[in-house]
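The figures that follow rest on heavy atoms only: side chains count, while hydrogens, waters and symmetry mates do not.
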Amino acid sequence: MRALTFIIDPATGSLTVEGLGPDSTSVPPADLLPAPHEVNCARPAAVPPLARSARMPGVCEQMLQVACLYHGSVIDGPGRRSVLQVQGCLGRCSGCYVPYTHDQSAGTALPVAVVLAALLSSAGEPRDGVSVTGGEPFLQPAGLLALLRVLRAAGQHTTVYTGYTLAALSVRPEPEVRAALSLIDLLIDGPYVAGLAEGAGEWRGSRNQHLIHHPGSLPSPSNGACPESHPG
Ligand code: SF4
């Protein structure tokens with residue numbers, strides 16, 4: 001007997017059924033639902049040629065060190081996401097499930113215009129927003145800011161994961177960090193703590209992490225505060 005898993009996204013109301021094979025012809029109760037269509041979670045995104053994507057207006061010449069790009073994720077934020085996974089992290093959380101993203105010299109350096117063209121490709125699965133995960137996005141604040149500016153102008157909902165706490169980010173001296181925070185719709189902050197993984201719920205890796213909507217609208221910690229820092 002085939003096991004089916006039904007996932008109802010609380011943000012969009014969409015229903016995803018996992019476990020269907022190529023021989024599956026119907027989903028119970030199919031008579032109550034719209035006609036199904038196949039989805040492909042984490043389908044790799046095609047990286048377009050530089051010459052074509054570089055004509056995207058309003059994008060400066062910032063670069064991002066990229067681990068991978070993919071469409072159709074249902075685990076990296078609300079709804080179905082196109083995802084940029086950046087390369088490079090100093091965190092070294094015990095039990096990190098993406099250790100291949102740690103080395104800052106690995107991955108591929110891509111112009112932000114190219115990353116955007118891949119993420120916003122109309123050839124992708126239905127998209128409810130764009131997520132940036134890692135690695136550590138805030139190790140590349142200038143590239144992250146350039147990316148977020150275009151995504152905001154394009155009306156895309158943005159989710160950004162970081163191993164830093166918001167308190168630690170709020171006292172970073174680079175103006176790009178605060179500007180980037182002001183453009184994020186949902187920040188998921190804090191290091192991964194394996195001992196707190198159970199029951200973390202949707203989108204988070206461990207229970208210590210916070211879902212912070214519009215982090216740029218929150219007041220900065222007062223002077224003298226001792227922000228919780230990144231484990232790295
Ligand atoms: S911050 Fe994320 S990518 Fe970095 S070590 Fe921790 S879990 Fe891994």
Test item: [X] side-chain N/O and [Y] main-chain N/O as donor-acceptor pair under 3.5 Å:
{"X": "Trp203", "Y": "Gly77", "result": "yes"}
{"X": "Arg172", "Y": "Val177", "result": "no"}
{"X": "Arg81", "Y": "Val130", "result": "yes"}
{"X": "Ser217", "Y": "His214", "result": "yes"}
{"X": "Ser206", "Y": "Ala197", "result": "no"}

What pairs of donor and acceptor atoms, side-chain ones from residues 137-156 against any protein atom, are under 3.5 angstrom apart with sequence neighbours left out?
from   : atom 1 : to     : atom 2 : distance (Å)
Gln140 : OE1    : Gln65  : N      : 2.6
Gln140 : NE2    : Gln65  : O      : 3.3
Gln140 : NE2    : Gln87  : O      : 3.2
Arg152 : NH2    : Leu183 : O      : 3.2

Using 0.5 Å steps for rounding, measure from the [atom1] atom of [X] to the [atom2] atom of [Y].
{"X": "Leu166", "Y": "Ile212", "atom1": "CG", "atom2": "CD1", "answer": "4.5 Å"}
{"X": "Ile75", "Y": "Thr133", "atom1": "CD1", "atom2": "OG1", "answer": "9.0 Å"}
{"X": "Thr165", "Y": "Asn208", "atom1": "OG1", "atom2": "CG", "answer": "10.5 Å"}
{"X": "Asp103", "Y": "Cys89", "atom1": "CG", "atom2": "SG", "answer": "11.5 Å"}
{"X": "Ser170", "Y": "Tyr164", "atom1": "OG", "atom2": "OH", "answer": "13.5 Å"}

Exercise. So if you build clusters from Ile, Leu, Val, Met, Phe, Trp, Tyr with side-chain heavy-atom gaps below 4.5 Å, do Val160 and Leu90 land together?
Worked result: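 As far as the 4.5 Å side-chain criterion goes, Leu90 and Val160 are connected within one cluster.
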
Side chains of [X] and [Y], heavy atoms from C-beta outward: is any pair under 4.5 Å?
{"X": "His102", "Y": "Cys96", "value": "yes"}
{"X": "Tyr161", "Y": "Asp189", "value": "no"}
{"X": "Leu69", "Y": "Val83", "value": "no"}
{"X": "His210", "Y": "Ile188", "value": "no"}
{"X": "Val86", "Y": "Val66", "value": "no"}
{"X": "Asp128", "Y": "Pro78", "value": "no"}
{"X": "Glu136", "Y": "Thr162", "value": "yes"}
{"X": "Leu181", "Y": "Leu187", "value": "yes"}

For this session: Say whether Asp185 and His157, considering side chains only, have a donor N or O and an acceptor N or O under 3.5 Å apart.
Result: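 His157 and Asp185 do not have a side-chain donor-acceptor pair below 3.5 Å.
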
Exercise. With distance as the sole criterion, is a donor-acceptor pair present between the side chains of Arg127 and Ser82 under 3.5 Å?
Worked result: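 Side chains of Arg127 and Ser82: pair found under 3.5 Å.
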
Problem set entry | For Tyr100, side-chain contact (heavy atoms from CB on, under 4.5 Å) partners two or more places apart |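 Per chain and number, Tyr100 pairs via side-chain contact (heavy atoms from CB on, under 4.5 Å) with Gln85, Val98.
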
Exercise. Of all residues at least two apart in sequence or in a different chain, which pass the side-chain hydrogen bond (donor to acceptor under 3.5 Å, both in side chains) check with Arg207?
Worked result: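 Expected list: none.
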
Exercise. Closest approach of Tyr192 and Gly95, non-hydrogen atoms and distance?
Worked result: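 Shortest heavy-atom separation between Tyr192 and Gly95 comes out as CE2-O, 3.4 Å.
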
Exercise. Where do Ala194 and Ser94 come nearest, in terms of heavy atoms and distance?
Worked result: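 Looking at all heavy atoms of both residues, the shortest contact is CB-O, 3.8 Å.
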
